[in-house]
Amino acid sequence: MSAMPELPEVEVLVRHLSPLLKGRTVRGVEVRRAKVIAPTSARELKRKLTGATFTGLTRRGKYLLFQLRTRGGRGTVLVTGHLGMTGRMYLQSSSRVFPKHAAVVLNFGRHDLIYEDQRYFGRFTLGDDILERLGPEPFSREFSAEHLAEALKGSRQAVKVRLLDQRLVAGIGNIYASEILFRAGISPRRAAGRLKIAEVRRLWRAVRGVLAEAIAHGSTVPLNFEDGKRRDGIFYYGRAPGAADYYEERLRVYDRAGKPCFKCGAGVKRVEQAARSTYFCPKCQR
DNA sequence: CACCATGTTCCTTG
DNA sequence: CCAAGGAACATGGT
């Protein structure tokens with residue numbers, strides 16, 4: 001399976017890129033796919049970024065937030081990035097030959113920041129307006145068990161589908177939604193508003209636990225974005241670049257239809273919810 | 001060759 | 001009006 005960036009993957013990437021970008025000044029901006037910067041125009045992006053210096057990179061949900069200082073040092077520039085399903089961002093030595101699906105390239109002189117995206121579902125836009133639509137960060141104080149209970153209350157929607165709503169809590173995607181419900185021992189098909197208090201608490205703990213473990217694991221895998229082959233070693237599986245046979249399964253249920261549940265041995269099931277795959281153990285998850 | 005995969009936004013239906 | 005579901009986006013893998 002290839003890599004789909006959800007909160008943990010973006011967090012690991014941000015930790016990796018942040019120190020590499022800090023202090024670098026943009027010398028050139030190449031937009032190869034206007035779609036990913038819309039509604040920003042290429043002209044505007046170039047004008048704002050050229051000569052600006054990176055001061056910080058943070059994460060909000062699955063979004064990356066780039067912060068820069070303008071040439072004179074007076075103003076600030078914000079750029080919001082999203083990796084969609086197939087986006088990658090990495091720094092490499094400058095080259096006139098860009099990767100096939102390079103969408104935006106920032107040149108720093110001897111190095112380039114490449115944003116490539118096979119399907120161009122991601123984004124790289126000026127401003128941070130989009131972040132206002134997001135609910136709380138899962139590790140923030142604001143995301144409490146009470147907040148979760150309140151957000152689920154009265155909803156007849158399946159709890160799995162609710163977890164994907166970025167206004168409820170930011171950063172959970174289709175893969176970790178299944179993983180979280182498996183850990184919580186709750187069926188993805190349960191109506192969100194029907195969960196008992198104890199179940200909501202278990203779910204809340206599982207959200208933090210699953211995401212935190214994924215970040216911790218991803219942080220142990222050395223990143224190597226310049227080997228030209230696998231650029232997704234950090235995602236979901238721990239596979240260190242150059243160590244082809246090091247393979248550690250991290251996912252407990254996702255993509256395991258028909259295989260035995262790690263807890264009880266029963267067969268993992270796949271169902272479709274809101275046109276997305278959901279995996280769960282019908283015995284462990286009620 | 002037909003179908004499936006991920007995330008987000010937008011549109012339609014109930 | 002809101003909830004829920006599905007399509008569209010683009011590409012490659014099976």
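Residues A/Tyr176 and A/Tyr254 place their aromatic rings such that the two centres sit no closer than 6.0 Å. Residues A/Tyr90 and A/His16 place their aromatic rings such that the two centres sit no closer than 6.0 Å.
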Reading DNA chain C 5' to 3', how would its secondary structure be written in dot-bracket notation, given Watson-Crick and G-U pairs with both distances under 3.5 Å, brackets [ ] for crossing pairs and | for partners on other strands? .||||||||.||||

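Residues A/Ala192 and A/Arg162 approach most closely at CB-CG, 3.5 Å, considering heavy atoms. For A/Ser277 against A/Lys160, the heavy-atom pair with the smallest separation is O-NZ, 3.6 Å.
Computed from coordinates, the A/Leu163 CG to B/dG7 P distance equals 13 Å when rounded to whole Å. In this structure, A/Ile175 atom CD1 and B/dG7 atom C1' are separated by 11 Å, rounded to whole Å. Regarding A/Leu83, its CG atom lies at a distance of 12 Å from the P atom of B/dG7, rounded to whole Å. Rounded to whole Å, the distance from OH on A/Tyr254 to C1' on B/dG7 is 12 Å. Between the CG atom of A/Asp165 and the C1' atom of C/dG5 there is a distance of 14 Å, given to the nearest Å. In this structure, A/Arg133 places its CZ atom 13 Å from C1' of B/dG7, rounding to the nearest Å. The NZ atom of A/Lys160 sits 12 Å away from the C1' atom of B/dG7 (whole-angstrom rounding). To the nearest angstrom, P of B/dG7 lies 14 Å from CD of A/Gln273.
Between the side chain of A/Thr80 and the backbone N or O of A/Leu65 there is no donor-acceptor pair closer than 3.5 Å. Panel note: side chain A/Gln166, backbone A/Ile172; a donor-acceptor pair is recorded below 3.5 Å.
Shown are A/Asp128, A/Thr55, A/Thr58, A/Thr76; of these, the side-chain hydrogen bond (donor to acceptor under 3.5 Å, both in side chains) with A/Gln67 is made only by A/Thr58.
Among the protein residues, A/Arg162 comes within range of no part of the nucleic acid, since none of its heavy atoms lies under 4.0 Å from any strand. Within 4.0 Å (heavy atoms only), A/Ile172 reaches no atom of the nucleic acid at all. Heavy atoms of A/Arg156 sit under 4.0 angstrom from primed sugar atoms or phosphate atoms, though from no base atom. The residue A/Arg167 sits apart from the nucleic acid: no heavy atom pair falls under 4.0 Å.
Taking side-chain N and O atoms only, A/Ser155 has no distance below 4.0 Å to OP1 or OP2 of C/dA3.
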Base contacts versus sugar-phosphate-only contacts with protein, heavy atoms under 4.0 Å: please encode nucleotides 7-14 of chain C as B, S and - from 5' to 3'. --BBBS--

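Judged by the 6.0 Å and 45° rule, A/Arg24 forms no cation-pi pair with A/Phe54.
For the pair A/Arg190 and A/Glu199, the salt-bridge criterion is met [side-chain N within less than 4.0 Å of a carboxylate O].
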